[in-house]
Q: 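Sharing a structure, written as structure tokens. Questions coming.
A note on names: the letters A, B, ... follow the listed sequences, proteins ahead of strands, and every chain is numbered from 1.
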Number of protein chains: 2
Amino acid sequence: MTFSEENYLKSIYALQKEHPKGVSTNVLSKYLDTKPASATEMIKKLDEKGLVHYQPYQGVILKDSGAVSALKIIRKHRLWETFLANKLDFSWDEIHDVAEQLEHIKSDKLIRELDKFLGYPKHDPHGDPIPDEEGNVVKMEKKRVSQLNPGDIGTCIGVNDTSSSFLQFLDQQNIRLGSVIHILSVQEFDKSMTVRIDDRELLLSQIATEHIYVRV
Amino acid sequence: MTFSEENYLKSIYALQKEHPKGVSTNVLSKYLDTKPASATEMIKKLDEKGLVHYQPYQGVILKDSGAVSALKIIRKHRLWETFLANKLDFSWDEIHDVAEQLEHIKSDKLIRELDKFLGYPKHDPHGDPIPDEEGNVVKMEKKRVSQLNPGDIGTCIGVNDTSSSFLQFLDQQNIRLGSVIHILSVQEFDKSMTVRIDDRELLLSQIATEHIYVRV
DNA sequence: TATATTTTTTAGGTTTGCCTAAATTTTAAT
DNA sequence: ATTAAAATTTAGGCAAACCTAAAAAATATA
């Protein structure tokens, strides 16, 4: 499987959640920063290989074999992201681009050994689940802080906004991956929340609570 | 720089030691398992980019800029080999092919962090020196086992032959980096040597003793 | 030295993955 | 329902990196 085929499969997998009845060439090419004509071409090739189901003008859907292939690439991507964040000093916003390259390295042994080396992690640094060797994904309850109620407790697993101003804010407030967030109260009028993190109480605006993901 | 350009530069660098007055397209294409015509094509491109000096029919030589580029790739290759051997459970004969892929990942930060993570190693698992960020290589006093005499003691620091059959042989015989080799005797007629490694005596053929490097 | 052999280059072709522009189909609007 | 707009596909091209076969140059041999 070529670099490009892998990227298309991975993209179709990602876009399928939002487009369950078929990913259009338009959507796909926008996502991959190519042109619709290029997407059509590749989709036809993947269809001939039996990895996707393609009906002209109706978009594309992954077949089981295609989904398994996509999940293998996603597994590699997330293991590499975990490596970069946990073993090397990469920050949240730096890991994606490098993992995007590393995910295409072809070696089953490498990925098995990497998994072992990392201690068989279940989630990547963004909180997304890492598929196992067969492509099984553990579904996880990922919620925004804004969806929690007073008394709830969540573990920070990621963010929705990677602007440096937001990441700086998180840094200043000592909010990081793994931070345990206790919801104390919610202000009715502006939906801001009082929370406790590491024995410190602080107030988060609605904007902030909508951009922080937690595992409950 | 493309994947392919990088491979050509690395190969020219490796072949230059044996062909100091110019690497021919024939030699280069054999090394890379392509055809001479393909080598000519690529060499012309690298010449236009100012990385090599090419005279038709006279072979190719790296310019300084080309050598620096080659050494950067070699640095990446050797750091990845060190990672695979030291951090993951890869054996000598398994690391080369995977490192061959990993060496093309583009990220300065990645390679700096990897270097740090590995503790700034000076040599890779084969005993070859790892160039620094500027492309400087430390030369080392290394001898072949075949150059030693009975009574001499050497510490294994590398090999000359990276064929998987040879590396597998070393693995089976428990000969690895750091192994202390005592020379017991040399057979006059075939130059084979009886040596002691870890309290085990074994016989090494001349071929083998010429491919194992030691620090004395 | 002249010829034969080998090496290298040139010329033209293939595949992959991208592109633009034109044609077609689907969807939306009147 | 018909027409206008948008999305999709087809057709024809381009660049990279490979190839084969033929031409040209260098080297070896008689």
Q: Can you check the B:Glu5 CD to D:dA16 P distance for me, whole Å?
A: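 Value for this atom pair: 9 Å.
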Q: Does A:His104 offer a backbone N or O that forms a donor-acceptor pair with the side chain of A:Lys106 under 3.5 Å?
A: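 Looks like yes, one N/O pair under 3.5 Å.
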Q: Whole angstroms only, please: what is the CG-P distance between A:Leu32 and C:dC18?
A: 8 Å
Q: If we check salt bridge (Lys or Arg N to Asp or Glu O under 4.0 Å) with A:Arg75, which of these qualifies: A:Asp108, A:Asp124, A:Asp115?
A: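 One option only clears the test, and that one is A:Asp115.
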Q: Within the pair A:Thr40 and D:dT8, is there a side-chain N or O less than 4.0 Å away from OP1 or OP2?
A: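 A:Thr40 to D:dT8 OP1/OP2: no side-chain N or O under 4.0 Å.
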Q: Could you identify which residues of residues 9-31 of chain B place a heavy atom less than 4.0 Å from some atom of DNA chain C, listed by residue number, or say none?
A: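 B:Ser24, B:Thr25, B:Asn26, in order of number.
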Q: If I take atom CE in residue A:Met42 and atom P in nucleotide C:dT15, what distance separates them, rounded to the nearest angstrom?
A: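 One finds 16 Å between P of C:dT15 and CE of A:Met42, rounded.
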Q: By nearest nucleotide on DNA chain C, pick out whichever of B:Tyr57 and A:Thr2 is the more 5' one.
A: B:Tyr57
Q: Would you mind reading off the distance between B:Asp33 atom CG and D:dC19 atom C1', rounded to a whole angstrom?
A: 13 Å
Q: Say whether, by atom type as modelled, one donor and one acceptor occur between the side chain of A:Arg144 and the main chain of A:His211 under 3.5 angstrom.
A: no
Q: If I take atom CD in residue B:Glu41 and atom P in nucleotide C:dT10, what distance separates them, rounded to the nearest angstrom?
A: 11 Å
Q: Between A:Lys45 (NZ) and C:dC18 (C1'), how many Å, whole number?
A: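 The answer, rounded to whole Å, is 12 Å.
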Q: Looking only at side-chain N and O atoms, does A:Tyr8 come under 4.0 Å of OP1 or OP2 in C:dC18?
A: yes
Q: Does C:dT10 have OP1 or OP2 sitting under 4.0 Å from an N or O in the side chain of B:Lys44?
A: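 For C:dT10, OP1 or OP2 has a side-chain N or O of B:Lys44 closer than 4.0 Å.
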Q: How about A:Tyr8 and A:Leu46: do any of their side-chain heavy atoms sit closer than 4.5 Å?
A: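 Yes, close enough: below the 4.5 Å cut-off.
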Q: If I take atom CD from residue B:Glu5 and atom CG from residue B:Leu51, how far apart are they, to the nearest 0.5 angstrom?
A: 7.5 Å
Q: Base, sugar-phosphate alone, or nothing: which one does B:Pro56 contact when heavy atoms must sit under 4.0 Å apart?
A: sugar-phosphate
Q: Report which part of the nucleic acid B:Ala37 touches: base, sugar-phosphate, or nothing (heavy-atom distance under 4.0 Å, all strands).
A: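 B:Ala37: base contact, heavy atoms under 4.0 Å.
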Q: Would you say a side-chain N or O of B:Tyr54 is under 4.0 Å from OP1 or OP2 of C:dT9?
A: yes
Q: Can you check the A:Gln58 CD to D:dA7 C1' distance for me, whole Å?
A: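 Atom-to-atom, A:Gln58 to D:dA7, this comes out as 11 Å.
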Q: Could you state the NZ-P distance from B:Lys35 to C:dG12, rounded to the nearest angstrom?
A: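 Answer to the nearest Å: 22 Å.
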Q: Centroid separation under 6.0 Å, is that true for the rings of B:Phe83 and A:Phe83?
A: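 Between B:Phe83 and A:Phe83, which both carry aromatic rings, the centre distance is below 6.0 Å.
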Q: Compare side-chain N and O positions of B:Ser38 against OP1 and OP2 of D:dC19 and report whether any pair is under 4.0 Å apart.
A: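 It does, given that an N or O in the side chain of B:Ser38 lies less than 4.0 Å from OP1 or OP2 of D:dC19.
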Q: Does C:dC18 have OP1 or OP2 sitting under 4.0 Å from an N or O in the side chain of A:Ser4?
A: yes
Q: Can a donor-acceptor pair be found, under 3.5 Å and without considering hydrogens, that links the side chain of A:Glu94 to the backbone of A:Ser91?
A: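 Answer holds: yes.
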